[in-house]
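Accompanying notes for the structure given below.
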Amino acid sequence: MDQSKEQRILNSVSYNAIKGDPESVLACIDKYCSQNEWAMNVGDEKGLILDKIVKEADPTVALELGTYCGYSAVRIARLLKPNARLFSIEFNAEFVPIAKEIIEIAGLQDKVTILEGHAQDIIPRLKTQYNMDTLDFVFLDHWKDRYAPDTILLEECGLLRKGSILLADNIIFPGAPDFLKHVRNNIHYECTHYPSHLEYMKAPDAMEKAVYLG
Ligand SMILES: Oc1cc(-c2ccc(F)cc2)cc2cncnc12
Ligand SMILES: [Mg+2]
């Protein structure tokens with residue numbers, strides 16, 4: 001059977017990246033996806049915004065919704081302090097083993113736990129099953145119509161604390177209007193908009209930071 005695009009991305013990383021070097025893994029994926037096959041990684045331009053917010057948050061416990069091939073998991077985990085951890089939720093079973101291998105090639109497997117399933121099923125179990133208190137940073141990059149309900153679920157499950165930082169990808173394209181409606185003009189959130197472009201393309205896109213105020 002023909003290989004999937006995601007398998008071809010893994011092949012490229014496995015062949016070209018330097019083992020244990022996250023920067024070379026990111027550069028390899030960005031090169032492949034800008035020159036060979038477009039893929040929905042957050043990419044190098046929006047990745048710089050992600051880097052900035054992760055450094056600002058300096059999280060001990062981070063959550064990512066939407067692992068895909070593990071590009072943003074590598075991007076986030078490479079910035080984590082020694083005892084910090086990233087949990088990444090992915091529902092597509094085909095993507096999970098590919099992301100795991102890419103994260104391993106980057107040498108970040110001890111910092112990242114991939115949880116396979118739907119965010120709405122996993123979020124309610126994070127405290128009990130993973131001994132979690134609250135989340136310091138959340139990257140939303142899964143299906144856009146799930147950003148708002150999953151944010152509300154994080155609130156209801158007591159996983160957000162005063163100062164928890166949410167960062168959402170694709171605010172313009174494909175767009176997440178319900179999420180913006182929930183966090184903007186909401187006394188519980190302080191929002192910042194970061195205009196950018198769709199990964200590897202000229203089309204406008206943006207990220208939204210929403211700091212939970214408790
Ligand atoms: O960054 C992203 C981009 C796109 C996407 C798809 C098709 C298109 F034409 C434009 C953009 C889809 C995504 C789904 N999940 C997470 N991130 C995504
Ligand atoms: Mg995205």
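Note that the structure is a prediction, hence the values are computed from the model and not measured. For ligands, and for the atoms within them, numbers begin at 1 and follow the listed sequence.
Taking 4.0 Å as the cut-off between side-chain N and carboxylate O, Arg161 and Asp136 count as a salt-bridged pair. Ion pair Glu104/Lys19 not flagged as a salt bridge, since none of the NZ, NE, NH1 or NH2 atoms sits closer than 4.0 Å to an Asp/Glu carboxylate oxygen. At a threshold of 4.0 Å, the pair Asp141-Lys144 counts as salt-bridged, since one of the basic side-chain nitrogens sits closer than that to a carboxylate oxygen.
Each salt bridge (Lys or Arg N to Asp or Glu O under 4.0 Å) pair with one or both residues in residues 48-74, not counting sequence neighbours, appears once here: Asp51-Arg75, Asp51-Arg78, Glu56-Lys209, Asp58-Lys81.
Heavy-atom neighbours of Asn83 CG from other residues, nucleotides or ligands within 6.0 Å: above the threshold of 12.
Between Ala99 and Gly70, the shortest heavy-atom contact is CB-N, 3.8 Å.
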Identify the protein atoms, limited to N or O, that lie within less than 3.5 Å of an N or O atom of ligand 1, and list each pair with its distance to 0.1 Å.
{"unit_1": "ligand 1", "atom_1": "1 (O)", "unit_2": "Asp169", "atom_2": "OD2", "d": "3.3"}
{"unit_1": "ligand 1", "atom_1": "1 (O)", "unit_2": "Asn170", "atom_2": "OD1", "d": "3.0"}
{"unit_1": "ligand 1", "atom_1": "1 (O)", "unit_2": "Asn170", "atom_2": "ND2", "d": "2.6"}
{"unit_1": "ligand 1", "atom_1": "1 (O)", "unit_2": "Glu199", "atom_2": "OE1", "d": "3.4"}
{"unit_1": "ligand 1", "atom_1": "1 (O)", "unit_2": "Glu199", "atom_2": "OE2", "d": "2.5"}
{"unit_1": "ligand 1", "atom_1": "15 (N)", "unit_2": "Lys144", "atom_2": "NZ", "d": "3.3"}
{"unit_1": "ligand 1", "atom_1": "17 (N)", "unit_2": "Asp141", "atom_2": "OD1", "d": "3.0"}
{"unit_1": "ligand 1", "atom_1": "17 (N)", "unit_2": "Lys144", "atom_2": "NZ", "d": "3.3"}
{"unit_1": "ligand 1", "atom_1": "17 (N)", "unit_2": "Asn170", "atom_2": "OD1", "d": "3.0"}

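A centroid separation of less than 6.0 Å is found between the aromatic rings of His182 and Tyr189.
At a cut-off of 2.8 Å, measuring from the Mg ion (ligand 2), the protein N, O or S atoms that fall short of it are Asp141 OD1, Asp169 OD2, Asn170 OD1, waters left aside.
Think of Trp143 as one node in a network of Ile, Leu, Val, Met, Phe, Trp and Tyr side chains linked at under 4.5 Å; its network also takes in Phe91.
Looking only at side-chain heavy atoms (C-beta outward), Val138 and Ile165 stay at 4.5 Å or farther from each other.
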